[in-house]
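Data block below; observations after.
Numbering of residues begins at 1 and proceeds along the displayed sequence.
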Amino acid sequence: MKPIVLPMATALALCASAASADTVLRASHQFPGGQGDIRDEMVQMMARDVAAADVGLTIEVYPGQSLFKAREQWGALTRGRLDITSLPLDYASGRHPEFSATLMPGLVRNQAHAQRLNDSEYMAMIKEVIIDGGARVLADAWLSGGFASSQQCITSPDTIEGQNIRAAGPAFEEMLEAAGASISSMPSSEIYTAMQTGVLDAANTSSMSFISYRLFEQVDCMTQPGDFALWFMYEPILISEQVWQGLDEAQQTALMEAGEAAEAFFAEEAAAIDQQMVDVYEENGVEVVSMSEEDYNAWLDIARETSYKNFAESVPNGQAIIDAALAVE
């Protein structure tokens with residue numbers, strides 16, 4: 001019996017059909033794609049690793065809010081309309097106020113401390129809320145950040161008085177407002193335009209966002225994290241729990257392994273991001289300053305009377321979450 005030889009066009013069509021049989025997961029995030037933003041690189045790395053695992057799974061990455069706007073992603077994820085996202089978790093604190101503890105002034109001291117928090121009771125409590133909300137964590141990531149202003153350098157609390165600032169989340173907003181700032185809430189992807197049009201005088205966000213969104217074009221002074229990083233934000237890679245439950249064991253394993261690799265990659269790169277930000281801003285003529293320990297402690301005094309106190313009083317289990325974080329040395 002002669003072997004059956006298919007025409008080339010038919011063979012290619014069959015290959016395409018086999019490829020299209022893969023389960024396709026859509027990954028959305030707000031950060032610039034293909035420009036070195038580590039959050040985009042983590043998601044792209046996971047897409048490559050999952051494809052290499054050959055478990056019938058493909059991840060399509062949609063960066064730069066091309067699929068969902070920044071603040072739409074949590075709702076889309078938990079309703080199963082979006083499969084994967086890299087998300088500043090505090091963006092969802094309006095739905096789950098516990099998430100404000102992932103952007104609490106002074107709660108995280110440095111990257112080494114953040115890594116210890118990942119394996120703590122504090123993070124177990126946060127991840128329980130994530131699961132209950134309809135998502136699960138594939139990779140942990142904490143980004144440090146700072147302040148930048150077109151008016152004056154922000155160091156001690158009195159330097160923020162009268163400035164209109166973007167603060168990222170409720171905990172920082174409460175602290176900054178108590179120090180005399182005016183607050184404008186928006187995702188980091190909107191800071192550049194807001195500063196360009198005069199809506200904002202200042203902003204605090206992650207070092208990576210300060211680089212990726214080219215905010216050096218709009219500011220005169222940058223306050224780097226330095227030895228006293230007041231600002232740390234949890235920005236995990238999440239998958240919809242509804243989507244997760246629809247995958248087979250091999251696909252779930254491939255995703256978890258890809259997430260672990262992306263998390264390890266991030267941990268190696270994170271420490272260098274702050275210095276990269278300093279270098280970029282100095283090269284572009286922006287003054288770079290640091291908070292002193294006295295400045296840092298003055299901010300913490302305000303935070304304890306505002307952010308920490310309000311969180312403990314208004315959030316179910318709020319005091320227990322704070323205590324669990326503070327217990328990690």
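The hydrophobic clustering, which links ILVMFWY residues whose side-chain heavy atoms are closer than 4.5 Å, places Trp231 and Phe210 apart. Linking Ile, Leu, Val, Met, Phe, Trp and Tyr residues whenever their side-chain heavy atoms come within less than 4.5 Å leaves Ile239 and Leu82 in two separate clusters. With hydrophobic clusters built from ILVMFWY side chains whose heavy atoms lie under 4.5 angstrom apart, Met42 does not share a cluster with Val137. Follow the hydrophobic side-chain contacts under 4.5 Å out from Phe31 and you reach Val280 in the same cluster. In terms of hydrophobic clustering, with Ile, Leu, Val, Met, Phe, Trp and Tyr side chains grouped at heavy-atom distances under 4.5 Å, Phe265 and Leu255 are assigned to a common cluster.
Side chains of Ser212 and Ser209: no donor on one and acceptor on the other come within 3.5 Å. At a cut-off of 3.5 Å, with distance as the only test, no side-chain donor of Ser150 or Asp220 sits close to an acceptor on the other residue. For the residue pair Ser185/Glu173, the side-chain donor-acceptor check at 3.5 Å is satisfied. Looking at Thr102 and Asp90, their side chains never bring a donor and an acceptor atom within 3.5 Å of each other. Judged by distance alone, the side chains of Ser149 and Gln163 do bring a donor and an acceptor atom under 3.5 Å apart. Residues Ser290 and Gln224 have side chains that bring a donor and an acceptor to within less than 3.5 angstrom of each other. For the residue pair Tyr91/Gln30, the side-chain donor-acceptor check at 3.5 Å is satisfied.
Glu217 places a side-chain heavy atom less than 4.5 Å from the side chain of Tyr192. For the pair Tyr62 and Val43, the minimum side-chain heavy-atom distance is 4.5 Å or more. Residues Met175 and Leu230 are in side-chain contact: their nearest non-hydrogen atoms beyond the backbone lie under 4.5 Å apart. Met123 places none of its side-chain heavy atoms less than 4.5 Å from the side chain of Leu117. Between Val129 and Phe99 there is a side-chain heavy-atom pair separated by less than 4.5 Å. Looking only at side-chain heavy atoms (C-beta outward), Asp201 and Ile165 stay at 4.5 Å or farther from each other. Using a 4.5 Å heavy-atom threshold, the side chains of Val24 and Leu57 count as separate. In this structure, the side chains of Phe232 and His113 stay at 4.5 Å or more apart for every pair of heavy atoms.
The CE atom of Met45 sits 13.0 Å away from atom CG of Asp40, with the distance rounded to the nearest 0.5 Å. With rounding to the nearest 0.5 angstrom, the CZ atom of Phe311 is 9.0 Å from the CG atom of Leu107. To the nearest 0.5 Å, atoms CZ (Phe172) and CZ (Phe147) are separated by 5.5 Å. Of the inter-residue distances, the one linking Tyr308 atom OH with Ser100 atom OG reads 12.5 Å to the nearest 0.5 angstrom. Between the CG atom of Asp83 and the CG atom of Leu67 there is a distance of 9.0 Å, given to the nearest 0.5 Å. Atom CD of Glu305 sits about 10.5 Å away from atom OG of Ser307, to the nearest 0.5 Å.
Relative orientation of the Tyr296 and Phe228 rings is tilted, given thresholds of 30° and 60° on the angle between their planes. Aromatic ring orientation, Trp74 versus His96: perpendicular (interplanar angle above 60°, classes split at 30° and 60°). Aromatic ring pairs are classed by plane angle as parallel below 30°, tilted from 30° to 60° and perpendicular above 60°; the pair Tyr281 and Phe216 is perpendicular.
When all heavy atoms of Leu138 and Met256 are compared, the pair lying nearest together is CD2-SD, 3.8 Å. When all heavy atoms of Leu77 and Ile84 are compared, the pair lying nearest together is CD1-N, 3.8 Å. For the residue pair Met277 and Pro225, the shortest heavy atom distance occurs at CE-CD, 3.6 Å. The two residues Val289 and Cys221 have their closest heavy-atom pair at CG2-SG, 3.9 Å. Contact between Thr306 and Ile302 at its shortest, heavy atoms only, is OG1-O, 2.7 Å. Listed here is the closest heavy atom pair of Ile38 and Met208: N-SD, 3.5 Å.
Other residues, nucleotides and ligands contribute only 12 or fewer heavy atoms inside 6.0 Å of the CD atom of Glu293. For CD of Glu128, the number of neighbouring non-hydrogen atoms (other residues, nucleotides, ligands) closer than 6.0 Å is 12 at most. By the 6.0 Å contact criterion, CZ on Arg214 is open, its count of non-hydrogen atoms from other residues, nucleotides or ligands being 12 or less. Heavy-atom contacts from other residues, nucleotides or ligands closer than 6.0 Å to CG of Asp132 number more than 12.
Panel note: side chain Thr85, backbone Gln73; no donor-acceptor pair is recorded below 3.5 Å. A donor-acceptor pair is defined here as one N or O able to donate and one able to accept, closer than 3.5 Å; no such pair exists between the side chain of Glu287 and the backbone of Glu282. Side chain of Arg166 to backbone of Ser184: no donor-acceptor contact under 3.5 angstrom is found. At distances below 3.5 Å, not a single donor-acceptor pair connects side-chain atoms of Gln35 with backbone N or O atoms of Pro32. In this structure a side-chain-to-backbone donor-acceptor pair under 3.5 Å is missing from Thr193 to Glu190. Without hydrogens or angle criteria, Asp248 side chain to Ala250 main chain gives a donor-acceptor distance under 3.5 Å. With hydrogens and angles ignored, the 3.5 Å screen pairs no side-chain donor or acceptor of Gln44 with any backbone N or O of Val61.
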side-chain hydrogen bond (donor to acceptor under 3.5 Å, both in side chains) between Glu235 and Ser86, worked out: CA-CA 7 Å; Glu235 303 190 22; Ser86 172; 5.4 Å; no
Please assess Asp279 against Gln275 for the test side-chain hydrogen bond (donor to acceptor under 3.5 Å, both in side chains), listing each intermediate value before the final yes or no. CA-CA 6 Å; Asp279 293 343; Gln275 187 58 51; 2.9 Å; yes
Only distances under 3.5 Å count here; give the side-chain donor-acceptor pairs of residues 319-329 to other protein atoms, sequence neighbours excluded, each with its distance to 0.1 Å.
from   : atom 1 : to     : atom 2 : distance (Å)
Gln319 : NE2    : Asp323 : OD1    : 2.8

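Contact check on Asp140 versus Lys127 returns a salt bridge, with a Lys/Arg side-chain nitrogen under 4.0 Å from an Asp/Glu carboxylate oxygen. Between Asp301 and Arg304 there is a salt bridge, with a side-chain nitrogen of the basic residue lying less than 4.0 Å from a carboxylate oxygen of the acidic one. A salt bridge between Arg136 and Glu241 is present, with a side-chain N of the basic residue lying under 4.0 Å from a carboxylate O of the acidic one.
Judged as a disulfide (SG to SG under 2.5 Å), not a single pair has a partner in residues 257-321 (not counting sequence neighbours).
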